[in-house]
Amino acid sequence: MNSIQQQSSTTKKQYQLTNKRSRRLFSRKHKFIAGLLAALLPGLGHIYLGLFRKGVSFIFVLILDISALLYFSSVGMHINVPLLILLGLIIPIFYFYNLFDVLQSADFTIIRSTEETEKTDGSKRVCRNPFAGEKGVSFGVLLVVGGTVLTLFHQKPVWFEDFIELNGDITIAIGLVVLGMGLWIREMKIHCKR
């Protein structure tokens with residue numbers, strides 16, 4: 001009876017070891033595919049991982065930046081060159097941040113799916129949750145505002161050109177202040193909950 005139990009436990013350990021190896025190999029493939037998709041088009045890796053809002057947001061912001069770059073370079077406004085350079089530099093910065101974020105998100109999903117978050121002493125490992133941004137109305141607001149701006153970029157109405165030329169700088173400043181206040185309020189709410 002004792003040898004049967006010992007043989008059963010040995011078989012069970014071998015099965016667990018091969019199961020861990022196959023999960024580790026699958027996890028590497030999972031992370032590689034997500035990174036490859038993100039390298040092809042920012043946002044695709046997030047969509048592959050199930051982060052649909054984040055993936056669509058990356059794609060949408062990239063399209064919005066390219067549209068703004070084309071709009072400001074094609075319209076005969078008195079726009080200064082540093083704005084065009086800034087819009088052009090946002091693309092590679094955005095691209096590499098997307099690659100970094102998709103690899104971090106893949107690590108989180110791998111840790112979460114293989115349940116290796118327990119340390120030897122029984123405490124939980126703290127990781128940044130990439131799924132935390134999947135809730136809320138910010139995604140809808142981004143799509144509505146961004147869609148409106150994209151429509152204006154492609155329609156090129158005269159009043160929009162005049163507005164940007166005369167009031168564009170103050171509008172951007174007010175928008176950044178409002179965004180900063182919103183982020184500050186959000187951080188204060190998170191801090192108060194702790």
Side-chain angles (χ1 to χ4, degrees), residues 15-70 86-151 153 175-176 179-180 182-194:
Y15 175 74
Q16 288 175 346
L17 184 63
T18 57
N19 192 17
K20 269 189 177 179
R21 286 181 187 162
S22 65
R23 280 191 288 180
R24 195 177 308 139
L25 180 63
F26 174 74
S27 300
R28 287 183 188 157
K29 287 182 181 179
H30 188 69
K31 186 175 180 178
F32 176 75
I33 292 172
L36 182 66
L37 288 172
L40 292 175
L41 179 69
L44 283 183
H46 289 93
I47 292 172
Y48 174 74
L49 292 174
L51 298 166
F52 298 109
R53 288 184 179 185
K54 195 178 251 189
V56 171
S57 297
F58 272 111
I59 293 170
F60 191 69
V61 170
L62 183 67
I63 290 171
L64 191 62
D65 184 48
I66 291 171
S67 295
L69 185 64
L70 292 173
L86 179 66
L87 288 172
L89 286 175
I90 287 174
I91 295 172
I93 292 169
F94 190 72
Y95 177 79
F96 288 114
Y97 174 73
N98 167 61
L99 285 175
F100 170 76
D101 191 57
V102 79
L103 293 176
Q104 295 298 315
S105 299
D107 281 342
F108 181 82
T109 56
I110 289 166
I111 288 171
R112 192 170 116 187
S113 67
T114 58
E115 301 174 357
E116 294 177 357
T117 57
E118 297 248 333
K119 291 185 180 177
T120 56
D121 60 352
S123 63
K124 293 273 186 183
R125 183 175 167 191
V126 179
C127 295
R128 182 185 66 88
N129 185 355
F131 295 96
E134 289 290 307
K135 298 176 185 171
V137 298
S138 60
F139 181 67
V141 170
L142 172 75
L143 290 179
V144 169
V145 171
T148 304
V149 171
L150 275 175
T151 304
F153 282 160
L176 289 174
L179 180 68
L183 291 174
W184 180 66
I185 291 170
R186 180 176 158 226
E187 289 295 320
M188 292 302 289
K189 284 182 181 179
I190 291 172
H191 183 69
C192 289
K193 285 182 182 178
R194 291 181 189 174

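Quick note: residue numbers are just sequence positions, from 1.
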**Message:** Between Tyr95 (side chain only) and Ile90 (backbone N and O only), is there a donor and an acceptor less than 3.5 Å apart?
**Reply:** no
**Asked** Mind checking whether Asp101 and Lys54 have side chains closer than 4.5 Å, heavy atoms only?
**Response** yes
**Message:** Please give me the minimum heavy-atom distance between Thr148 and Val144, naming the atom from each residue.
**Reply:** OG1-O, 2.8 Å
**Leu62: side-chain contact (heavy atoms from CB on, under 4.5 Å) partners, not counting sequence neighbours** = Leu41, Pro42, Ile66, Ile91, Phe94
**Prompt:** Going from CG on Leu64 to CG on Leu150, what distance comes out if it is rounded to the nearest 0.5 angstrom?
**Reply:** 5.0 Å
**Asked** To the nearest 0.5 Å, what is the distance between CG (Leu99) and CG (Leu36)?
**Response** 10.0 Å
**Request:** Flag the pair Ile59 / Ile47 as yes when at least one side-chain heavy-atom distance between them is below 4.5 Å, and no otherwise.
**Result:** yes
**Prompt:** Can you tell me if Asn98 uses its side chain to pair, donor with acceptor, with the backbone of Phe58 under 3.5 Å?
**Reply:** no
**Request:** Write down the atom of Gly147, the atom of Thr151, and the distance for their closest heavy-atom approach.
**Result:** O-OG1, 2.8 Å
**Prompt:** About how many Å separate CZ of Phe100 and OG of Ser105, when rounded to the nearest 0.5 Å?
**Reply:** 9.0 Å
**Item:** Point-to-point distance, once rounded to the nearest 0.5 Å, from CH2 of Trp184 to NE2 of His191
**Value:** 11.5 Å
**Message:** Is any side-chain heavy atom of Val102 closer than 4.5 Å to one of Tyr48?
**Reply:** no
**Request:** Would you give the length of the straight line joining atom CG of Leu49 to atom CG of Asp107, rounded to the nearest 0.5 angstrom?
**Result:** 10.0 Å
**Request:** Output all residues satisfying side-chain contact (heavy atoms from CB on, under 4.5 Å) with Leu103, sequence neighbours left out; order by chain, then residue number.
**Result:** Lys31
**Prompt:** Could you state the interatomic distance from CG (Asp65) to CD1 (Ile93), rounded to the nearest 0.5 Å?
**Reply:** 10.0 Å
